[in-house]
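In what follows, a single structure is set out as structure tokens and then discussed.
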Amino acid sequence: MAEAIGWIGAVLVIAAVGLSIAGAVGVLRFPDVYTRIHAASITDTGAASLMTLGLLLMAGFSPAAIKLCIVWVFIMLTSPAAAHALAGAAFGSGHRPVLADPRQPSEDEA
Amino acid sequence: MSLLLASPELELVFSALLLTLVAGLVVALLAARSVLTCILLMSAFSLTMALWLMTMDAPDVAFTEASVGAGVSTMILLGAALSSTDVIPSLRPGRLWFPAVACLAAFIGMALIVPDLPVFGDPGSPPSAYVGRLYLEQTPHDIGAPNVVTAVLASYRGFDTLGETTVIFAAGVGVLLLLGGQVRSPDAAPEDVSLRASAGSPVLSVAARLLIPIICLYAFYVLAHGEFGAGGGFQAGVILAAALILHALVFGVRETMKALPVGVVRACAALGVLGYAAVGFLAILNGGRFLDYDALLSPVFEAGLPSSHLAGGHHHWGQRIGILAIETGVMLAVASTMTAIFYAFTGRVSRSDAAGAS
Amino acid sequence: MTLALVLTPYVYGLGFFMMAAGLLIALTSRHLIKRLIGLGVFQTSAGVFYILLSKVSGGTAAIRLEADSPAAEALASRLDAAYIAAHGVDGVVYSNPLPHVLILTAIVVGAATLAVGLAIIVRIRETYGTVDFEEISALEARALRDVREDEA
């Protein structure tokens with residue numbers, strides 16, 4: 001039983017790795033700062049949560065599991081705040097989002 | 001539990017792959033043409049290096065590299081780079097070839113000694129087989145602390161560490177002398193807008209209000225837990241300084257200087273080094289040698305105390321108290337020095353900005 | 001062990017490459033802050049070499065475990081008994097802690113000395129108005145020429 005739970009944890013960790021790669025591709029490919037922040041924060045929160053959940057299942061009930069829970073709370077507290085600060089700083093320094101409709105010019109071009 | 005452990009050879013392959021990633025970041029650094037990019041690459045380099053150090057069984061070093069390299073030195077670099085030009089002009093090709101040839105020669109010279117170096121992971125290699133092994137064998141008997149790195153750092157080589165702490169203090173004094181630390185009262189401190197991109201954002205201030213006390217608490221946990229797990233005075237000091245820098249970033253340096261005046265920070269830096277040395281002299285006064293923690297407590301008093309963890313039939317309270325005392329000194333010195341350096345840079349940079357603008 | 005033989009030149013080569021690259025950045029960059037970053041890379045890479053020497057195959061972090069604890073048994077389960085008997089300490093194989101101690105303090109000292117270098121750069125910028133190495137050299141050369149002309 002413990003072995004099976006451990007394997008579920010391993011699958012979750014691999015899923016987290018997949019999400020991280022998706023996030024990295026997004027950071028490289030997306031057109032402007034805000035969509036890139038969006039991609040990066042998916043890595044920060046989604047992948048990190050899956051990773052800690054997977055490691056929790058692999059570690060079983062132990063002091064390490066409690067530490068993992070604390071780490072998860074910290075990630076949930078810090079990375080959205082960091083993404084918010086990043087977006088705020090980008091907006092403050094004059095970056096405007098790239099809009100989808102080419103007929104509607106963005107503020108940059110106006 | 002066994003799922004979390006890879007086979008020894010897979011471990012070596014994994015760490016070689018991570019080291020490739022680190023080297024890749026250095027290549028990116030070579031090509032970077034903007035100072036901001038360089039600083040962020042340096043930060044990423046440190047963080048990846050910390051991961052690699054974890055695979056090399058060096059959690060204490062990884063901890064230090066992550067908090068110093070990716071945290072505090074990035075902040076100091078950003079603070080110093082703020083008002084300089086961002087674009088790095090390229091060198092004239094005529095000036096490039098001599099350094100390039102010199103570095104290539106250095107690389108070839110170093111590569112030539114590879115055949116004589118021990119095999120990667122060899123347990124019988126000269127560096128690992130003698131003195132390192134001796135420390136591992138003797139620590140439970142001599143010191144009684146499970147973390148051998150802390151035992152070597154704080155007790156076996158305590159004198160060495162006193163020197164390192166003094167160097168850090170001296171570097172802090174050097175920065176203050178170079179940048180002139182006249183900023184004494186909070187009102188004289190310049191309000192640096194440049195460091196506060198999202199000033200007044202409730203999300204940041206709420207997150208910071210939640211985080212800063214926990215970071216400080218964590219620093220003390222790292223300090224006290226250094227004997228049992230990864231951690232110690234150096235890491236605790238840097239984490240404490242990071243909490244203060246976070247406060248300065250979110251609420252402004254002026255607020256931080258009100259909460260922790262410049263004079264107090266400077267006094268604490270000196271106090272940390274002095275406290276470390278004082279433990280050494282206390283041991284002399286008790287009839288031992290400099291930094292001999294066994295002499296800190298009288299044998300009669302120590303016999304009355306319960307036997308400590310991993311004791312092997314020995315009482316180690318003198319060592320335990322001595323290590324904790326000098327680690328506290330290290331934490332105080334490192335945290336105060338880093339904070340003083342940060343204060344000096346933010347004050348100076350915004351002052352020269354104001355001078356440039358007028 | 002053959003795998004380790006293949007990896008040995010690769011990991012040492014990477015370490016030495018990073019050292020040489022850090023030196024190159026420190027020597028050829030025109031922006032003084034990038035020069036300091038290069039020095040930082042050089043210093044960290046010297047640490048890499050130390051840490052590479054400290055790794056023991058199948059070892060764990062140098063935090064003493066009780067020989068009969070579950071963690072120690074899990075670590076021992078992937079190694080053969082002869083290897084542990086030859087290289088382990090009380091039934092557990094550890095990596096060498098001594099290089100860790102040396103590099104740990106070196107990293108913190110490195111950050112402090114980096115701050116001194118940056119402070120010097122801040123003063124240079126205030127004096128010369130630039131942190132471009134070649135511009136500073138040109139200014140210096142011009143000042144030297146002026147002094148010589150005044151003397152002549």
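All chains are named by letter (A, B, ...) in the order of the sequence lines, taking the proteins before the strands, and each is independently numbered beginning at 1. Any value given below was found using the heavy atoms of this structure, including those in side chains, with hydrogens, waters and symmetry copies removed.
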What part of C/Ala26 lies closer than 4.5 angstrom to a heavy atom of chain B: side chain, backbone, both or neither?
-> neither
For the pair B/Gln235 (side chain) and B/Asp60 (backbone), establish whether a donor and an acceptor sit closer than 3.5 Å, ignoring hydrogens and angles.
-> yes
When rounded to the nearest 0.5 Å, the distance separating SG of B/Cys103 from CZ of C/Phe17 is 11.0 Å
Sort B/Leu41 into side chain, backbone, both or neither according to what part of it lies under 4.5 angstrom from a heavy atom of chain C.
-> neither
Do any N or O atoms from the side chain of C/Arg35 and from the backbone of C/Arg30 form a donor-acceptor pair under 3.5 angstrom?
-> no
Residue part contacting chain B, namely of C/Val48, when any heavy atom lies under 4.5 Å | both
Taking side chain as C-beta onward, heavy atoms only, is C/Ile25 less than 4.5 Å from C/Lys34?
-> yes
Given that the side chain runs from C-beta out, which part of B/Leu19 has a heavy atom under 4.5 Å from chain C: side chain, backbone, both or neither?
-> both
Which portion of B/Thr337 sits near chain C, non-hydrogen atoms under 4.5 angstrom = neither
When you check the gap from the basic side-chain N to the acidic O, do C/Arg123 and C/Glu126 get nearer than 4.0 Å?
-> yes
Let me know if C/Ile121 has heavy atoms under 4.5 Å from chain B in its side chain, its backbone, both or neither.
-> neither
If you count heavy-atom pairs under 4.5 Å between each of B/Asn147, B/Asp57, B/Thr165 and chain C, which one has the most?
-> B/Asp57
If one checks every heavy atom of C/Tyr10 against chain B at 4.5 Å, the contacting part turns out to be side chain
Would you mind checking which part of C/Leu79 comes under 4.5 Å of any heavy atom in chain B, side chain (CB onward), backbone (N, CA, C, O), both or neither?
-> side chain
What part of B/Met56 is in contact with chain C, defined as an atom under 4.5 angstrom from a non-hydrogen atom: side chain, backbone, both or neither?
-> both
Looking only at B/Ser15, B/Pro118, B/Ser125, the option with the highest number of non-hydrogen pairs under 4.5 Å against chain C is B/Pro118
Check each atom of B/Val131 against the heavy atoms of chain C and say whether the ones under 4.5 Å are side chain, backbone, both or neither.
-> side chain
So which part of C/Thr28 gets closer than 4.5 Å to some heavy atom of chain B, the side chain, the backbone, both or neither?
-> both
Evaluate the side-chain proximity of C/Ile33 to B/Leu77: yes if any heavy-atom separation is below 4.5 Å, no if none is.
-> yes
Heavy-atom distance under 4.5 Å to chain C: side chain of B/Val68, backbone, both or neither?
-> side chain
Closest contact, heavy atoms only, B/Val149 versus C/Pro97 = CG2-CB, 4.0 Å
Given the options B/Ser46, B/Ala58, B/Ser73, which has more heavy-atom pairs under 4.5 Å with chain C than any of the others?
-> B/Ala58
With a 4.5 angstrom heavy-atom cut-off, which part of B/Met42 approaches chain C: side chain, backbone, both or neither?
-> side chain
Do you know which of B/Met338, B/Arg133, B/Met54 has the most heavy-atom pairs with chain C at a distance under 4.5 angstrom?
-> B/Arg133
When you measure from the side chain of B/Thr139 to the backbone N and O of B/Leu136, does any donor-acceptor pair fall under 3.5 Å?
-> no
For the ring pair C/Phe49 and C/Phe16, is the centre-to-centre distance below 6.0 Å?
-> yes
Checking heavy atoms, do the side chain of C/Val116, its backbone, both or neither come under 4.5 Å from chain B?
-> both
Pick from B/Val72, B/Val114, B/Val238 with the largest number of heavy-atom pairs that fall under 4.5 Å of chain C = B/Val114
Flag the pair B/Leu153 / B/Asp160 as yes when at least one side-chain heavy-atom distance between them is below 4.5 Å, and no otherwise.
-> no
Check each atom of B/Thr55 against the heavy atoms of chain C and say whether the ones under 4.5 Å are side chain, backbone, both or neither.
-> backbone
Do you know the tightest heavy-atom contact between C/Val56 and C/Asn96?
-> CG2-N, 4.4 Å
Between B/Val167, B/Val26, B/Leu30, which has the largest tally of heavy atom pairs under 4.5 Å with chain C?
-> B/Leu30
Under 4.5 Å heavy-atom distance to chain B, tell me which part of C/Leu104 shows up: side chain, backbone, both or neither.
-> both
